[in-house]
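Both ligands and their constituent atoms are indexed starting at 1 by order of listing. Since the model is a prediction, treat every value here as computed from it, not as a measurement.
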Amino acid sequence: MKLLRRIQDLAENGIAHPWKAGETILLSVLVLCLGIVVGLVLDIETGRHESNVFLIPAIVLAAGLGGFVPGLVLTGLAFIFDATADYFMTGFEARLFWTNVAFAVTGVIMSGGGHLFRQAIINAAKVNLEIRRREADLRAIVDTVPDSLVMIDHEGIIARFSPGAQKQFGWDAEEVVGQNVSMLMPSPYREQHPDFLKREIDTQASSVLGRPRLLAGLHKDGTTFPIEVSVGELEFAGERHFVGFIRDLTERQKAEARMHELQNELFHVSRLSALGQLASALAHEINQPLSAIANYIAGAKKLAAKGNDPALLDEVLDHAGKEAIRAGETIRKLRSFLSRGESEMRPENLAELVDEATTIALVGSRPRKVRLKTGLSPLCPIANVDKVQIQQVLINLIRNAIEATGERQTPRLLIETAPTQSGMILCSVTDNGTGLTPEVAGQLFQPFVTSKKTGMGVGLSITRSIVEAHGGHIWTEPNPDGGTIFRFTVRGPDPAIP
Ligand code: ADP
């Protein structure tokens, strides 16, 4: 039964699964017996002794299947049978004896040849198996990666379209294999791609290999979606092929937009809370011009009643008007600062931005007579920033600085800007306060780090988030005259600067 199964396997797979010597000899002996029977019948029919030709298949089979030793065994058996048969049919005859010896030598040579043939087949089968295993591995990987894999030939014709790609683009593999890859791209990429591919093949220095590129993909239903494509190259049958790994960025972009939204929300809430803390000082700040206006108007009324000094009346009304403008300005600055607004980077005038921020930051500090100096470099008047957010940074830093100078007779604050060599703008807020305490200094920009009894410790962590969202950095340095310098960078207006 086992032998039958092995014979069936031999018929189906060749000698992909090597035969053992025992199995081989058994099968070959059966074939030998068959050869003997056929040979004998023919010898009897023709009266000649040429039957040994029918023994050859058994020797070939033994050597081919089992190698040298089974080949030799079969050669020996065939030789014994042949010599014995000749002896019984004609007695000893030297010619026949030497024919049998020649047959045996041929059998030995055939065994050697069969052995080599068998070895070659087994090696080929091993290589074949390894190739099939690797292909299965590769297929498993390609089938399981969520990204798409699309392989194209040098003319852009799709040769392979992974299950991930089928899911992403909505096409079945049979629908796209053999078509030009530009069918997966919206205009204008679709029209440009053939020329692009041609250039890519003609030039040595590739512009796409190994560099992920952000593009748009075209779904079967006609919708487009953002993708990141990384292209690799392989040579196959003397022709260049390209493999594209395509990642759908829709989800990532959604998550990034959501993060951005949350961050803006956080910045906004933190502005609200900062102003909440300033509420009474703010009310006072606005109340002041309002009371001044009331006083000026009362005075003006009296002057008007007397009617004898129109020039003075004019001056008083002028003052009232200026106070009204001052109150209006403060409210305007506050309003834009409190607005939620979409975060938007655009070129902003730094002098205006700093002026508005200091107005709000200094609210309530007038009695302390903080001496504020600004030194804005004329070399960098414009920054590419979200104005309200950078004002929030400045307000956080200035308020902290004012608090740190609490015990100073003459609290001093300096706000400066300067261009950096890398094309950024360096902004500094310097105070002559207490300096950073060692406990706080080590983890300054971490949330909930505070040395103040009523402090929340979130101001600087939000400040850092804002600066980094602007592509800048923030750090501190001790002020050589006592106190602290907070420095941060923002981008200049030149869009070429990353
Ligand atoms: P909060 O002001 O609520 O404490 P911040 O994050 O704004 O939160 O500040 C964290 C801590 O950093 C402060 O408690 C303070 O100890 C320290 N700090 C910030 N700015 C200065 C400064 N200009 N001088 C000295 N210490 C400072």
Side-chain angles (χ1 to χ4, degrees), residues 262-282 337-338 354 357-376 386 388-418 426-470 472-490:
L262 282 175
Q263 200 177 38
N264 278 344
E265 190 75 18
L266 173 71
F267 296 161
H268 180 238
V269 168
S270 105
R271 284 201 295 276
L272 283 181
S273 109
L275 280 196
Q277 288 164 17
L278 290 180
S280 67
L282 267 175
F337 184 64
L338 277 181
V354 170
T358 46
T359 307
I360 299 172
L362 291 174
V363 160
S365 67
R366 205 166 294 165
R368 302 237 354 262
K369 297 211 175 63
V370 177
R371 289 195 197 158
L372 170 77
K373 258 176 71 179
T374 47
L376 307 184
D386 178 307
V388 171
Q389 288 182 3
I390 292 302
Q391 285 181 332
Q392 188 173 357
V393 166
L394 282 171
I395 290 168
N396 282 347
L397 297 181
I398 296 170
R399 302 276 323 160
N400 276 344
I402 293 171
E403 285 182 46
T405 55
E407 280 152 30
R408 289 276 178 178
Q409 282 290 335
T410 41
R412 270 198 297 270
L413 259 183
L414 174 61
I415 299 170
E416 293 164 296
T417 58
L426 176 72
C427 307
S428 313
V429 176
T430 307
D431 66 59
N432 64 341
T434 51
L436 297 169
T437 60
E439 306 84 65
V440 166
Q443 38 181 344
L444 194 61
F445 296 101
Q446 306 293 325
F448 310 116
V449 171
T450 180
S451 61
K452 302 170 193 165
K453 277 202 187 91
T454 54
M456 284 265 289
V458 292
L460 286 182
S461 95
I462 287 174
T463 296
R464 183 173 68 174
S465 303
I466 294 177
V467 171
E468 288 178 354
H470 278 72
H473 295 289
I474 183 164
W475 68 98
T476 62
E477 289 167 21
N479 180 359
D481 301 331
T484 317
I485 309 175
F486 276 81
R487 296 194 194 279
F488 65 93
T489 51
V490 289

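Ser365 places no side-chain N or O within 3.5 Å of a backbone atom of Ala361 that could act as its donor or acceptor partner. Looking only at distances, no side-chain donor or acceptor of His473 sits under 3.5 Å from a matching main-chain atom of Phe488.
Note: Arg399 CZ to Leu362 CG = 8.0 Å, rounded to the nearest 0.5 Å. Atom CG of Leu444 and atom CD of Glu439 lie 12.0 Å apart (nearest 0.5 Å).
Closer than 4.0 angstrom to ligand 1 sit non-hydrogen atoms from Asn400, Ala401, Ala404, Asp431, Gly435, Leu436, Val440, Leu444, Val449, Thr450, Ser451, Lys452, Gly455, Met456, Gly457, Val458, Gly459, Leu460, Thr484, Phe486.
Partner Val429 forms a side-chain contact (heavy atoms from CB on, under 4.5 Å) with one of Val393, Leu394, Leu414, Asn396 and no other, that one being Leu394. For the side-chain contact (heavy atoms from CB on, under 4.5 Å) with Thr484, the qualifying choice from Thr430, Thr434, Leu397, Leu436 is Leu436, the only one to do so.
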